[in-house]
Asker: 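Here's a structure for you.
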There are 2 protein chains.
Amino acid sequence: MSVKQSRIKRVTQSDVAAMAGVSTAVVSAVISPKPGKTIRVGEEAEKRVRAAMETLGYAPDVVAQSLAGGKRNIIGVFTYEAIFPSDSENFFYPFLLGIERGAMKLGQDLLLFTSSSLEKGPRSIFPGGANRMGVADGAILLGEEPDKRELKRLYDTGFPFVTIGRRDTDKAELNWVAADYTAAVADVVKRCAALGHRKLKFVGATQVREQNIDRERGFMDRQAENLTLSVERLETDDIDGAWLRRCLDDGNTVVLTETFKHAVALERQVAAMSGSVPQTISIVALASPLTRPADVERWTRISVPREEMGEVAVRNLIAQIRSPENTPIKTTLPCGFVPGSTLQAI
Amino acid sequence: MSVKQSRIKRVTQSDVAAMAGVSTAVVSAVISPKPGKTIRVGEEAEKRVRAAMETLGYAPDVVAQSLAGGKRNIIGVFTYEAIFPSDSENFFYPFLLGIERGAMKLGQDLLLFTSSSLEKGPRSIFPGGANRMGVADGAILLGEEPDKRELKRLYDTGFPFVTIGRRDTDKAELNWVAADYTAAVADVVKRCAALGHRKLKFVGATQVREQNIDRERGFMDRQAENLTLSVERLETDDIDGAWLRRCLDDGNTVVLTETFKHAVALERQVAAMSGSVPQTISIVALASPLTRPADVERWTRISVPREEMGEVAVRNLIAQIRSPENTPIKTTLPCGFVPGSTLQAI
DNA sequence: TCTTTTTGATTATACGCTTAATCAAGGTCA
DNA sequence: TGACCTTGATTAAGCGTATAATCAAAAAGA
């Protein structure tokens, strides 16, 4: 006969209620005061309840609160990759900084859904069909989802969440906070034009998501000003000598690359034909690097307000949680232009 | 009159049960088959249940499962500083990596107590007297606590927790996982001896905590082998020209410093008297740097198995949560010796 | 044939909290 | 003085699941 596992004795509401000489409903009301006051508490009683909570060391059980439909002051953070990136200069890290700051300011704890990892590969919101997120009041989703249907499915559950990065879905109005790539790229084009460039090429990733669309739109926005603009989407491998030759022969004087990898690949080809950047051709990177290369500073590029995006995501999420009847909040934040030495006047 | 937010209707066990023509208990048994079989299910019934789950798209509610099972599968992480260090090469970061990995493996979510931050200054476990930790099943404490009484107080609540780093407290047997500084420093002394050093000096921090005691003990362990050992504890500012002169005059050929700051301060003084390390004197750092200086690799030092410590902390915590009647688990993990160019033979 | 065991299920309760529905007591007001 | 409101509470009904306690029927054993 095995020894029975002794349960940890939790301090519960009724313990507190008993000590304070009130009912559990009063304790509940003290923990989470609601404007819709179906239960009212007198000063005296509240004082006794708080004292009892103090001496008993009571903390509400979030799980029970969740089940009962109350608020927990916990926001979930879901990432498709590891939350603490082993590469510490990781692209996602600043978002987390911002999220933590936002959570601090708003008195929220952060729940990281580390349990949803399968053996290998990317995480799933619904590992094995179940969804742990319900423990939190809402969640922030970070990173590129491998399967957009998961977003739709989560949306259908009615669970409040905010994605970092714009998300476009049929039949689902999502909350998101995104960088204003459109304006940022349009600004880059304008600056290039001011520097005398007339033929500009946009080199984008083959994977086309919302942010890529935004960049391309920003690029094309400036068509009017007697510029010649062309767009190509290709793998970095496709940027070879022949490609560069054609690009130059076409008269392009500056290339805007959607990723750092493209920019680096391009510079390598320039070097291969004994040219140099920006003498042979100018380059502007339209992104923050995924992992910080040693020489980032050298590059002319745009910067994404990542920490701020994280903080705003928390604010928007809380707003959405507090009034779910409101329409989804979509926030775009301006990017910065970072001058470097890879863009020159012509 | 505001429109009431219509709750999303969940597919529950009883829906499935109804469709399959059984009771909810059977459905529950089908989802989680336990060895302790208090409920048995026939083949026919199981088939019907599975079919019903399929057609209804049923997914168990993890929150309810947690409530009923008594386990939340949530581990708290408490840090006295910001959890996501803005300096990502931060000393604490690898611990978090390990904690996340451990949590993943054991199917736990991680709750970061960001709400317990006061305006400024270090965090408190009991902000305003309340303790949010009860939210989790247990917690991992990271960083140097400003006030040890908080630990005792937390211990007295019976809440399971593990500290990273050894903690010694009166009347409280704590769980911890620590680096084996004693063995590591003893090893360093042995290596120095093997290289011909006979007079070694230990320079420690004035702040004496458990880990400092451990290092000093490791240093003194080797007294037998006809070595001359001396210990000094001082601020980095106290390492000036006069001090270095005395140190050399005493015949010391190697200094073991407890922190990187001390090591750096010492080297600066050596340079100030036109000497160099390790020609003038050898230096070994007995720690991992708090923030990674550009030239860490140059230093002969010991390395702390931080990621592993984080992972083990999770394991130990879970073990403690599962069987609270067990005695506290104290784990020490071996450090590594990292050869560098600041230690030479004599 | 009568008792005992095994199999396959049901019922009822607990988990800790929120909240609608109630209610008692005292205060207002015509 | 009785009708009505306000205040400060209590009661009780969930939320979705797990599981101990039961139980009926069939199988096995004597």
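Quantities reported herein were computed from a predicted structural model and do not represent experimental measurements. Naming convention: chains lettered A, B, ... in sequence-line order (proteins, then strands); numbering from 1 in each chain.
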Asker: Are any of A/Q65's side-chain N or O atoms less than 4.0 Å away from OP1 or OP2 of C/dG16?
Answerer: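 No, A/Q65 has no side-chain N/O under 4.0 Å of OP1/OP2 on C/dG16.
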Asker: Does atom CD of A/E81 have more than 12 heavy-atom neighbours from other groups under 6.0 Å away?
Answerer: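 No, not enclosed.
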Asker: Can you tell me how far P of D/dC15 sits from CZ of A/F159, to the nearest Å?
Answerer: 20 Å
Asker: Report yes if some heavy atom in the side chain of A/V49 is under 4.5 Å from a heavy atom in the side chain of A/V16; otherwise report no.
Answerer: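 Yes, their side chains come closer than 4.5 Å.
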Asker: Looking only at side-chain atoms of A/A68, point me to the closest of D/dA9, C/dT18, D/dG16.
Answerer: C/dT18
Asker: Please round to 10 degrees the angle between the axis of the first five pairs and the axis of the last five pairs in the helix from C/dT1-D/dA30 to C/dA30-D/dT1.
Answerer: 50°
Asker: Which residue lies toward the 5' end of DNA chain D, B/A64 or A/R48, if each is placed at its nearest nucleotide?
Answerer: A/R48
Asker: Would you kindly give the CG-to-C1' distance between A/D61 and C/dC17, to the nearest whole Å?
Answerer: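 A/D61 atom CG is separated from C/dC17 atom C1' by 8 Å.
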Asker: Can you check nucleotides 22-27 of chain D for protein contacts, nitrogen or oxygen pairs under 3.5 Å, and list what you find?
Answerer:
none

Asker: Report which part of the nucleic acid B/S32 touches: base, sugar-phosphate, or nothing (heavy-atom distance under 4.0 Å, all strands).
Answerer: sugar-phosphate
Asker: Without decimals, in angstroms, what is the distance between A/L56 CG and C/dG16 C1'?
Answerer: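 After rounding, the gap between these two atoms is 15 Å.
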Asker: Can you pull out the residues from residues 18-31 of chain A that lie within a 4.0 Å heavy-atom distance of DNA chain C?
Answerer: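 Residues of residues 18-31 of chain A under 4.0 Å from DNA chain C: A/A25, A/S28.
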Asker: Nearest whole angstrom, please: distance from the P of C/dG16 to the CE of A/M53.
Answerer: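 Roughly 17 Å, once rounded to whole Å.
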Asker: May I ask you to establish whether A/R153 and A/F126 are in a cation-pi arrangement, using a distance under 6.0 Å from NZ or CZ to the six-membered ring centre and at most 45° from the ring axis?
Answerer: yes
Asker: Grab the CD-P distance between B/E44 and C/dT7 for me, whole Å please.
Answerer: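 Checked: the CD to P distance equals 17 Å.
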Asker: To the nearest Å, give me how far apart CG (B/L67) and P (C/dT18) are.
Answerer: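 Interatomic distance, CG of B/L67 to P of C/dT18: 11 Å.
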Asker: Suppose we screen for side-chain hydrogen bond (donor to acceptor under 3.5 Å, both in side chains). Which residues come up paired with B/K47, at least two apart in sequence or across chains?
Answerer: none
Asker: Looking at side-chain heavy atoms only, is the closest gap between B/Q13 and B/Y58 below 4.5 Å?
Answerer: yes
Asker: Determine: side-chain N/O of B/Q13 to OP1/OP2 of D/dA18, distance under 4.0 Å, yes or no.
Answerer: yes
Asker: Tell me whether the side-chain N/O atoms of B/S66 come closer than 4.0 Å to OP1 or OP2 in D/dT17.
Answerer: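 Checking D/dT17 against B/S66, no side-chain N or O comes under 4.0 Å of OP1 or OP2.
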Asker: Among the nucleotides D/dA9, D/dT17, C/dG16, which one has an atom lying closest to any side-chain atom of A/R10?
Answerer: C/dG16
Asker: In Å, rounded to the nearest 0.5 Å, how long is the span from CG of B/N316 to CH2 of B/W176?
Answerer: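 If I round to the nearest 0.5 Å, the distance is 10.5 Å.
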Asker: Can you find a pair of side-chain heavy atoms, one from A/E100 and one from B/L112, that are under 4.5 Å apart?
Answerer: no
Asker: For the atom pair OH (B/Y155) and OG1 (B/T163), what is the distance rounded to the nearest 0.5 Å?
Answerer: 13.0 Å
Asker: Who pairs with B/D168 by side-chain hydrogen bond (donor to acceptor under 3.5 Å, both in side chains), at least two apart in sequence or on another chain?
Answerer: none
Asker: So do B/L317 and B/N175 actually touch side chain to side chain, heavy atoms under 4.5 Å?
Answerer: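 No, side chains not in contact.
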Asker: Once you round it to whole Å, what is the distance between C1' of D/dT7 and CD of A/E46?
Answerer: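 Answer to the nearest Å: 15 Å.
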Asker: So, applying side chain to side chain contact (heavy atoms under 4.5 Å, CB included) with A/E46, which one of A/R48, A/E43, A/R50 is it?
Answerer: A/R50
Asker: Using the test side-chain hydrogen bond (donor to acceptor under 3.5 Å, both in side chains), find all partners of A/R72 that sit at least two apart in sequence or belong to another chain.
Answerer: A/S66, A/D137
Asker: Report yes if at least one side-chain N or O of A/T12 is closer than 4.0 Å to OP1 or OP2 of C/dC15; otherwise report no.
Answerer: no
